[in-house]
There are 2 protein chains.
Amino acid sequence: MRASDKAYEALRTDIVEWRLRPGTVLGEVEQAERLGVSRTPLREALARLSADGLAVQLRGRGTVVSDVSFEHVDDLFALRRALEVESARIAATQGDPAIFASLRDRFLEARSSISGQAANRESYYLLAAELDQCIDEAVNNRYIEQSLRSLRVHLARVRRLAQDDPQRLATSASEHAAIAEAIAAQNPQIAVAATQLHLHHSLEHIKNHAGSERDTSK
Amino acid sequence: MRASDKAYEALRTDIVEWRLRPGTVLGEVEQAERLGVSRTPLREALARLSADGLAVQLRGRGTVVSDVSFEHVDDLFALRRALEVESARIAATQGDPAIFASLRDRFLEARSSISGQAANRESYYLLAAELDQCIDEAVNNRYIEQSLRSLRVHLARVRRLAQDDPQRLATSASEHAAIAEAIAAQNPQIAVAATQLHLHHSLEHIKNHAGSERDTSK
DNA sequence: TTCAACGCTTTTGTATACATTGAAGCGACT
DNA sequence: AGTCGCTTCAATGTATACAAAAGCGTTGAA
């Protein structure tokens with residue numbers, strides 16, 4: 001694995017998992033020493049982070065971890081609506097019904113077994129990620145996929161703003177099952193509706209269950 | 001201006017304007033000498049091009065200009081539909097009517113004066129870009145804006161696949177005027193409809209008026 | 001004659017030294 | 001006393017030298 005990839009992965013994970021909080025300055029020499037790589041690959045990593053929107057490069061003052069606040073959540077979900085609604089529509093027209101029927105069953109099963117356990121929560125997120133991936137494959141559109149990949153990084157970061165409780169996860173599982181169901185039934189209209197509903201509830205939950213990370217815009 | 005920016009701009013322009021055709025290998029030393037910069041900033045430029053999707057980095061064999069073929073146009077327009085429809089909807093709800101009314105008038109005026117002149121065509125593209133920018137400002141969403149920026153680079157590249165004739169430009173001007181009109185009237189539904197219509201006709205035109213660059217997938 | 005392995009060449013990947021720019025602090029002038 | 005400008009310093013931006021890896025050609029043997 002290249003040193004630049006290693007540095008990028010490490011920094012991206014640190015940012016998404018809030019170990020590097022918004023506003024943190026990423027000095028080149030400092031981070032290069034911390035990650036055990038030279039400045040050259042580290043600079044490449046910082047450039048990629050900037051392209052992802054996870055950091056911004058201020059001329060002269062260095063690179064800082066980009067800000068994430070509640071005002072941006074609405075913006076993020078507006079893009080998510082645009083992309084995922086269209087993706088669901090396309091997946092419903094040209095996806096493999098068997099795959100999504102199977103996913104629906106797994107979501108329904110997951111709904112019953114969800115608890116507050118961290119491991120359980122993590123496995124649910126993995127299942128949701130699998131649905132996303134299957135939709136990606138059904139859509140088979142490199143441009144949409146790229147935009148979605150960028151979006152999901154930011155979503156993962158925002159997730160920490162809200163506290164996911166078992167109640168919400170169970171509801172979310174139902175909504176995901178409904179999306180998979182509609183795609184399996186090859187019904188674009190219902191797939192769109194289910195997606196819109198899920199996004200609406202997801203956004204409402206985040207806005208109503210603000211976490212302790214509120215004080216990011218210092 | 002930084003050397004890496006200079007190299008990036010130069011390469012991006014060369015790729016978008018088809019001076020560097022798809023499949024061209026961008027050797028680091030070769031391009032560094034051609035552009036008069038060192039390898040370090042040039043590598044940064046190549047990384048940014050890869051992030052944009054304008055080039056792909058093959059390990060060992062270097063960076064090559066990414067392929068653009070007619071199969072991808074549908075994909076590109078699927079993303080464009082998702083983003084621009086949502087943008088038009090949002091702009092219609094929170095845009096400044098005066099700005100878009102003015103733009104509508106300018107499109108209607110442009111429609112009359114369009115000819116086959118290259119200068120005329122260029123000024124029309126600038127006007128269209130101005131509409132895009134005003135919509136961006138009305139939407140005021142950094143995430144959507146970033147996705148759109150990436151998309152537009154690819155669109156500019158694809159534009160060369162089709163031959164724009166005065167007829168199409170005049171129709172396009174009418175469609176753009178309709179979009180601006182709907183936003184000025186603060187009517188989201190009509191703004192969405194006008195955008196969908198424009199995108200449909202635009203895509204049809206490209207697919208029916210294939211240019212001479214067809215032989216890109218060698 | 002064909003396949004495989006070895007080595008050479010060309011390429012990218014990394015490190016470090018140097019240049020340059022921007023920012024902050026201090027001083028002098030108004 | 002406030003502001004403008006200069007100096008200094010620390011950070012990024014660039015260049016080049018070095019290392020490593022991958023391709024390709026050649027040569028050998030089966």
Side-chain angles (χ1 to χ4, degrees), chain A residues 1-15 19-68 142 146 149 217-218, chain B residues 1-15 19-67 142 146 149 153 217-218:
Chain A
M1 189 187 222
R2 298 185 303 180
S4 61
D5 290 341
K6 174 187 163 193
Y8 171 73
E9 296 283 345
L11 285 172
R12 196 182 59 134
T13 307
D14 282 347
I15 293 174
R19 282 191 292 273
L20 290 173
R21 300 178 57 106
T24 308
V25 288
L26 302 172
E28 294 185 1
V29 280
E30 171 199 359
Q31 295 298 320
E33 285 183 6
R34 183 173 78 91
L35 299 173
V37 298
S38 180
R39 272 187 60 213
T40 307
L42 187 109
R43 275 180 68 83
E44 198 171 312
L46 290 180
R48 289 172 71 182
L49 290 174
S50 296
D52 291 343
L54 291 177
V56 286
Q57 289 182 313
L58 291 82
R59 8 185 317 158
R61 207 158 21 185
T63 307
V64 301
V65 179
S66 67
D67 194 36
V68 166
R142 62 152 93 162
Q146 188 182 340
R149 174 164 23 247
S217 56
K218 62 140 181 305
Chain B
M1 188 186 222
R2 298 185 304 179
S4 61
D5 290 341
K6 174 187 164 193
Y8 171 73
E9 296 283 344
L11 285 172
R12 195 182 60 135
T13 307
D14 282 347
I15 292 174
R19 282 191 293 272
L20 289 173
R21 300 179 55 108
T24 308
V25 287
L26 303 173
E28 293 185 0
V29 279
E30 170 199 358
Q31 295 299 321
E33 284 183 6
R34 184 174 77 90
L35 300 174
V37 298
S38 180
R39 272 186 62 212
T40 306
L42 187 108
R43 276 179 67 84
E44 198 172 313
L46 289 180
R48 289 173 70 182
L49 290 174
S50 297
D52 291 343
L54 291 177
V56 285
Q57 289 183 312
L58 292 83
R59 7 184 319 154
R61 207 160 18 190
T63 306
V64 302
V65 179
S66 67
D67 194 36
R142 61 151 95 163
Q146 187 182 339
R149 172 161 30 246
V153 174
S217 57
K218 60 140 192 306

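Letters A, B, ... are given to chains in the order of the sequence lines, protein chains preceding strands, and every chain is numbered from 1.
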Length of the [atom1]-[atom2] vector between [X] and [N], whole Å:
X     : N      : atom1 : atom2 : result
A:E44 : C:dA15 : CD    : C1'   : 14 Å
A:E28 : C:dT16 : CD    : P     : 15 Å
B:L26 : C:dT10 : CG    : P     : 20 Å
A:M1  : C:dT14 : CE    : C1'   : 16 Å
B:L42 : C:dT12 : CG    : C1'   : 12 Å
A:R48 : C:dG13 : CZ    : P     : 11 Å
B:R2  : D:dA15 : CZ    : C1'   : 16 Å
B:L58 : C:dG13 : CG    : P     : 11 Å

If you check every side-chain atom of A:R43, which of C:dT14, D:dT12, C:dT16 has the closest atom? D:dT12

Of the listed nucleotides (D:dG13, D:dT14, C:dT16), which one gets closest to any side-chain atom of B:A3?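 Between D:dG13, D:dT14, C:dT16, the one nearest the side chain of B:A3 would be D:dT14.
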
Applying a 4.0 Å non-hydrogen cut-off, can you work out what B:R59 is touching in the nucleic acid: base, sugar-phosphate, or nothing?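 The answer is sugar-phosphate, as B:R59 gets under 4.0 Å only of primed atoms, P, OP1 or OP2.
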
Would you indicate whether the side-chain heavy atoms of B:I15 and B:T24 approach each other to under 4.5 Å?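 No, side chains not in contact.
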
N/O (side chain, [X]) to phosphate O (OP1/OP2, [N]) under 4.0 Å:
X     : N      : value
A:R61 : C:dA23 : no
A:R39 : C:dA15 : no
A:T40 : C:dT16 : no
B:S4  : D:dG13 : no

So B:T63 and B:E28, side-chain contact (heavy atoms from CB on, under 4.5 Å) or not? Walk me through it. CA-CA 8 Å; B:T63 306; B:E28 293 185 0; 5.7 Å; no

Can you tell whether the side chains of B:R12 and B:D5 come within less than 4.0 Å, N to carboxylate O? no

Under a 3.5 Å cutoff, is there a donor and acceptor pairing between the side chains of A:Q31 and A:R34? yes

Applying side chain to side chain contact (heavy atoms under 4.5 Å, CB included) between B:L26 and each of B:L20, B:L42, B:V64, B:D14, report the one that passes.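 Looking at B:L20, B:L42, B:V64, B:D14, the match for B:L26 under the side chain to side chain contact (heavy atoms under 4.5 Å, CB included) is B:L20.
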
